[in-house]
Structures are given as structure tokens and as C-alpha cells.
There are 2 protein chains.
Amino acid sequence: MDKIDIKELARDLNLSTSTVSRAFRGNSDINAQTKERILARARELNYQPNLYASSLREKKSNTIAIIVPELANNFFSQAIKGIEKIARSKGYHTLIYVTDDEYQLEVSFIDDLSNGRVDGIIMSASGESKDHNYLNKLKKKHMPLVFFDRVYDDIDVAKVTTNDYESSFNATKHLIDAGCGKVAFLVINKSLSIGKMRLQGYVDALAAAGIPYKKELIIDCSNDHKKNYNILSKVLTTIKPDGLFASVERLAIASYYVCQDLGINIPKKVKVISFSSLEIAPLLNPSLTTITQPARDLGVHAAQLLFKSLESGEPAHEHVVLKSKIMPRRSTM
Amino acid sequence: MDKIDIKELARDLNLSTSTVSRAFRGNSDINAQTKERILARARELNYQPNLYASSLREKKSNTIAIIVPELANNFFSQAIKGIEKIARSKGYHTLIYVTDDEYQLEVSFIDDLSNGRVDGIIMSASGESKDHNYLNKLKKKHMPLVFFDRVYDDIDVAKVTTNDYESSFNATKHLIDAGCGKVAFLVINKSLSIGKMRLQGYVDALAAAGIPYKKELIIDCSNDHKKNYNILSKVLTTIKPDGLFASVERLAIASYYVCQDLGINIPKKVKVISFSSLEIAPLLNPSLTTITQPARDLGVHAAQLLFKSLESGEPAHEHVVLKSKIMPRRSTM
DNA sequence: TTGTAGGCGTTATCAC
DNA sequence: GTGATAACGCCTACAA
């Protein structure tokens, strides 16, 4: 009673394998009673069709991949939930890959994935301004790809993002309205589309307020907490901005640590606003003003685009844009 | 140049499929030059062995599953990192499943997984005191299972946990030493092994300090934030404990929200300690005293146990226990 | 409605 | 060192 396959089950039931097979496929004609009998016996014997045999035969895996830069982040986990909800409703499985913001890992995931392991990929990019040629492999293999949030401009596939430019403009304006005249823009990746958009929003908001743009206020950070801590310490003690606009959550966190350690009062000495989906932003000291993206909806839309492509057999090219929302809290008051 | 299989590649190279196949398998004898030639041409033509065919043939998927209750939680994402590191080093892929603390989802994941999709499972349980019979299916199919952190006592498989009883004892003592005489224990799932252990540590620490145990101070919470908020509001306004011991991070968070809204000062009116791997515990208002588990190591150990079982073909039964660490912060000062 | 048979792409066994 | 061939477990024409 160890491993049982369709043949044994068929023999056990005095039926042919085709009939048994039919009982498990939704479509084919089969006598309702026979089907019930088969399924019942299958449950008893603990039989399940072998996934790899089916997938080989059908040339589809009913599985999609989600590639994200990180997990311990409410934005991505919410987006994943959105994707999974849709995927599950379509009978698809979901594979999650975490790049930890390493370009090389992203490349190798895509590589591994292009052997047919999945039918499609939803991804938020990690890959800075690197070569994106490896993604063309997917196109050649007709494997649909949908980007969300962090996209590559030079790759023509379906994308779901938020109104980053506008949000960024408004966030900067929010700081200016709160009295900041020297707003630093903290960014990790200026070359990623999302970084560019957010930077532009910042620049234009300054201009709109008649504040001259200063290059030294664009602070290039990294994915390493220690490095960021040092960079920000230096900025806060030498350049002394009175406003910080973090284009990424972790830079706001790093800023908080620096201010805490250096005794720089938020919001008195410096006001802080950040793109963030942090659930406990209200509990920080002080509570953090955030630009919050509709993470779950982003996931839902991305999944819908992917399945549209999967079902039609055509690659999708839509670009869906959703709106983020500013949640003012004490860090900018 | 669309889809290419081993046959076409073989034809293209004037070789047999067996030889080509050998080029991709590590072991078999094959002329080094031939192999190089094959691999080079494969790269050119963008050929990769079909995963499903290989898996069907080899009867193994080189994939393992990780089942966790939630993602947006530093504990689990760290543990996942630990698992993935080991898995990757063994050439295995990793599938992540999130139950959202729903028992039914856990059951259905296990069900789906037992069709051979993965070679083994690492899981942190969601399933309260329910029936765990569905797990026996795995044993019948010789699919190894390893638990980490949240385990089922009635299932005899390998487990990796932390010294929950001891940590809980110490955490309670920490509150008592800080002057608390009326410590409430916040718990979600008393019937899960981990809940029991932590509760027992609390009870024994009270006894050791000569403080009588009061049943009303054991606060049963849920996974729903709103409900918890209400429960805790009531507790804090009626029972008025002077210490809160959250056996789970989200209960500390909920307590913070309640205290913030009700104007109850932490730590003056009530001190708070919690099991938590929250990275930004130091940034909360006030900074939160935590009992921090070695999440990543838990994952590493769990993966090692799983691979040991996978490699030996024998189920593993070890129970590894790692140590957590109390990080005192302002919430208990 | 059910059965027969061939093949999905790979790899292992056995020859040469 | 390389080639022919038979499975792996399932699904779908096609035939009955």
C-alpha cells in the first residue's frame, strides 16, 4: 500500500486506466457513478495523480513563480497574499523566490525557472541597472512575465505600479508645507525605474515651491544597514537637512536609528516621511508619516494580468497604475 | 528555435540522446571534450533538460516545501533564509506556503504536496488542537517532515524548537524583578505545544516567586487584530495588570496600540515583554523588551534534519532545542 | 461510456 | 566512451 499508481488503482477497480484518469480530469465524459466509485476508492488507497507525469504530459505545471527582493516586509507579504488569492482561485500553485536584493540570485532564479518549472512569473525586480538580457529567454520560451512595483523600463511586459511620481511630488510638498526648506532625498537605486520616478517627483516638487535643487541632498544608500547608518549619520551631522524623504522603508528605519543614537529629535530637528507599508508605523517613536501603497491590490492586478496572458496565450503589455496614499503622522508634524 | 528537447540537441550534434543526457548528469563517464561541446551548444540553443521529465524519471523533485503561518514577520523570514541557504547548497528548490494561521489551508497544502511535488516538508504549525491525521499520509508516502518552532506533540517527527519553557520562566522573572506583582500572560493558542510550554514557564516562575497564580490573568487571544484589541482594552481597564507577557509578537503590538489609545503609560503603568524577532523593537515607543529566538539557526537546523532524512532514506526523530535570548529595553524598565 | 495504445522528455541499463 | 531501448505515470486520440 506504499506507492500506488493509476494502473494499480485501475486494476483494483476492474477498470481501465483511461477511465480512472477521466475521473480526475474535470472535463471528459464519464459515468457519474463510476467517477464517484473511483474517487472514493482513490481516497481510501490514498492515491493522487503524479504531478510530474501529468505536467510532462500536459506541458503545463499549474504553478507560477513570484520573485521578490525580500520577505520580512509588509509590502511584499501583502502583495504575495493578493497574488496567491487569485492563483488559488485558478487552481494554481505559487512558488516564492526571495532574491535578498541580489541581482545574481534573480538571474539564477529566472534561469532555473525557464525549464518549464512554472507557467509564468510575477516579479518585483532587484537588478539595478544591470543587463536584463536573461529575461529575453523567457520570451523565447513563451513564458509570460509580469512586473509589479519595481520594474525594468527596458523590458516590454505587463506591469503594475503605483503613481510613484505623483506620490513623491506630494510627499515632498508635504514636507515643504510642514516647514522644511532643506529636504534630503534618500534613495537606494536611482537607476531602477521606481527610483527615477520618485526622484523626479521630488525634484519637481522643489521646483514648484521655488526651492533650488541641490545635488548634495540626494543621498545614495545601499541595501546594507551598517553602511546606510554611516552614510546617514554623516548627512545628519554635516549637511543637516531639516527634512528626510525616504524613498524606501528601510532608509526611514535607518534614519530613525541614527536620530535616536545622535539625539536628533524627530520631528523638531528633522521631519521624516517614507514610502512604507509598515503596519506598526503608528507605534514608532515618533509615529512615522508614510506613503502607503495598495500592496495587496498590486498583487491582485499583477496576477490577473498574468492569468489573462496565460489564458489567451498572448503576452500582455498593459501597464496598470494604482494610487498610493499619504498617512500623516507625528514624524512630520 | 522554439522548444528544443534532448533529441533535437542530439541530432544537431550528431550524438545520441544518451550521450547528451550524460553531459548534464554529474556522474556518468563521458569524454570531457564531448561534454564541453554539448554544453556549449546547449547554451547556444537555450536548451535545458525538462524538469518534469527528469523528475518523473528519477522519482524525485529536488524541491522541498516550507509551510509557515505568516510571512510579514521577521522570525519566519529569517528562518526561511536559513532553510533556503541549506537547500540551495544541496541543489534543492524551495517552495513557500503561507497558511495565514488557517488550519484548513494547512491541511489542503499538505494534501496537495503529497502527490510528489516535493521531496520533503519543513513546517511551523498553524493547527491548534485539531485532528492531525492528515499528516500520517505523509508518513505512508515516505515523505519526511520536520517541524520548527510551532510543533504538534502528537506527531512523531524531527523537531527544532527553542527553550520555550526556560525563556518563559526567565521572562516572567524579569517582569517580577522589575517590580510587577500582577503579570498577565497573553496567549493565542494554549493547546499548541509552544503555548503550553510558555504558559508553564510563566506559571512556575510565579510559584518560584511566591506569587499566587490567577486564572483570570491568562488572556486568551486570537489571530484577529480587532478582537485582540478589544480583549486587551478590557483587560487593561478592568483587571489592570502591571505586567504583560506576550507569548507572541502580535499580542505585544496589540497591547501597544491599546495602551497608546487609552493613554496607559508603558512602562510606568504596565511593563511589557514579548517573544519577538521584530527588527525595530528598539524604535518602538517605548522600545520593547523581547525574548528573541535564533530564527535563522532554527531554519538551518530544520533543513539539516530534513536533508539528513532525505539522504539516509530514514525518517528523522531528533528534537533539537536552541536557546533564545532576552533583550531588555525600556518597556520593562 | 469505456478501453487500447502511443507518446510526453528523460535517464538507466545494457550492449558495443 | 557512446548508442539503442525500455521504462517513469499519466492523458488523449481513436476505436469499440
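The analysis underlying the following values was restricted to heavy atoms, covering all of them including side chains, and did not include hydrogens, waters or symmetry mates. Below, chains carry the letters A, B, ... as their sequence lines are ordered, and counting in each starts from 1. This structure is a prediction, so every number in the text was calculated from the model and none was measured.
For NZ of K308(B), the number of neighbouring non-hydrogen atoms (other residues, nucleotides, ligands) closer than 6.0 Å is 12 at most. Other residues, nucleotides and ligands place no more than 12 heavy atoms under 6.0 Å from the CD atom of Q33(B).
Taking 4.0 angstrom as the limit, T19(B) places a side-chain polar atom (N or O) nearer than this to OP1 or OP2 of dG3(D). Note on Y52(B): every side-chain N or O is 4.0 Å or more away from OP1 and OP2 of dT11(C). For the OP1/OP2 pair of dT10(C) and a distance below 4.0 Å, the side-chain nitrogens and oxygens of S54(B) include no atom meeting the criterion.
Relative to the side chain of N50(A), the nucleotides dC10(D), dT2(D), dT10(C) differ in distance, and dC10(D) lies closest.
Under the rule for a side-chain contact (heavy atoms from CB on, under 4.5 Å), the partners of A158(A) that lie at least two apart in sequence or sit in another chain are V146(A), L305(A), A316(A). Remark: Y47(B) engages no residue in a side-chain hydrogen bond (donor to acceptor under 3.5 Å, both in side chains) (not counting sequence neighbours).
Contact annotation for E8(B): no contact, since no heavy-atom pair falls under 4.0 Å across all strands. Residue contacts for S55(A): at a heavy-atom cut-off of 4.0 Å it reaches no nucleic acid atom on any strand shown.
Ion pairing between E44(B) and R41(B) holds under the 4.0 Å rule for side-chain N and carboxylate O.
As rounded to whole Å, 17 Å separates atom P of dT2(C) from atom CZ of R25(A). Taking atom CZ of R117(A) as the reference point, atom P of dG9(C) lies 18 Å away to the nearest angstrom. Atoms CD1 (I4(A)) and P (dC8(D)) sit 15 Å apart, rounded to a whole Å. Rounding to whole angstrom units, CD1 of residue I6(A) and C1' of dA5(C) are separated by 14 Å. Counting to the nearest Å, the P atom of dT1(C) and the CZ atom of R37(A) are 15 Å from each other. Between the CD1 atom of I38(B) and the P atom of dG1(D) there is a distance of 13 Å, rounded to whole Å. Atom pair K141(A):NZ and dG9(C):P shows a separation of 12 Å (rounding to whole Å applied). Note: CD (E36(A)) to C1' (dT1(C)) measures 17 Å, nearest angstrom.
Between the side chain of E106(B) and the main chain of S126(B), a donor-acceptor pair closer than 3.5 Å is present.
Two residues, A32(B) and D5(A), neighbour DNA chain D, and the one matched to the more 5' nucleotide by heavy-atom proximity is A32(B). The residue among T34(B) and E58(B) whose nearest nucleotide of DNA chain D is located toward the 5' end is T34(B).
A heavy-atom distance below 4.5 Å is not found between the side chains of I6(A) and F24(A).
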Output a table of donor-acceptor pairs, distance under 3.5 Å, between side-chain atoms of residues 113-125 of chain A and any protein atom two or more places apart or on a different chain; print 'none' if there are none.
unit_1	atom_1	unit_2	atom_2	d
S114(A)	OG	I110(A)	O	3.4
S114(A)	OG	D111(A)	O	2.8
S114(A)	OG	Q48(B)	OE1	2.8
N115(A)	OD1	R117(A)	N	3.0
N115(A)	ND2	D112(A)	O	3.4
R117(A)	NH1	T63(B)	OG1	3.1
D119(A)	OD1	S61(A)	N	2.9
D119(A)	OD1	S61(A)	OG	2.9
D119(A)	OD2	S61(A)	N	3.2
D119(A)	OD2	N62(A)	N	2.8
S124(A)	OG	F148(A)	O	2.9
S124(A)	OG	R150(A)	N	3.4

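Between F147(B) and Y152(B), the angle of the ring planes goes over 60°, which puts this pair in the perpendicular group of the 30/60° scheme.
Counting all heavy atoms, side chain and backbone alike, P294(A) lies closest to T162(A) at CD-CG2, 3.6 Å.
Among the candidates T19(B), N31(B), D12(B), the single residue satisfying the side-chain contact (heavy atoms from CB on, under 4.5 Å) test with I38(B) is T19(B). Among R88(B), K81(B), K85(B), the one residue that satisfies the salt bridge (charged side-chain N to carboxylate O under 4.0 Å, His left out) test with D100(A) is K81(B).
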Identify the pairs formed between an N or O of the protein and an N or O of nucleotides 6-8 of chain C at a distance under 3.5 Å, and give each distance.
unit_1	atom_1	unit_2	atom_2	d
dG6(C)	N2	R57(A)	NH1	2.7
dG7(C)	N2	R57(A)	NH1	3.1

Could you go through nucleotides 13-16 of chain C and list every protein N or O atom that sits under 3.5 Å from one of its N or O atoms, giving the distance for each pair?
none

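Note on the helix from dT1(C)-dA16(D) to dC16(C)-dG1(D): terminal axis deviation equals 30°, with five pairs used at each end and the result rounded to 10°.
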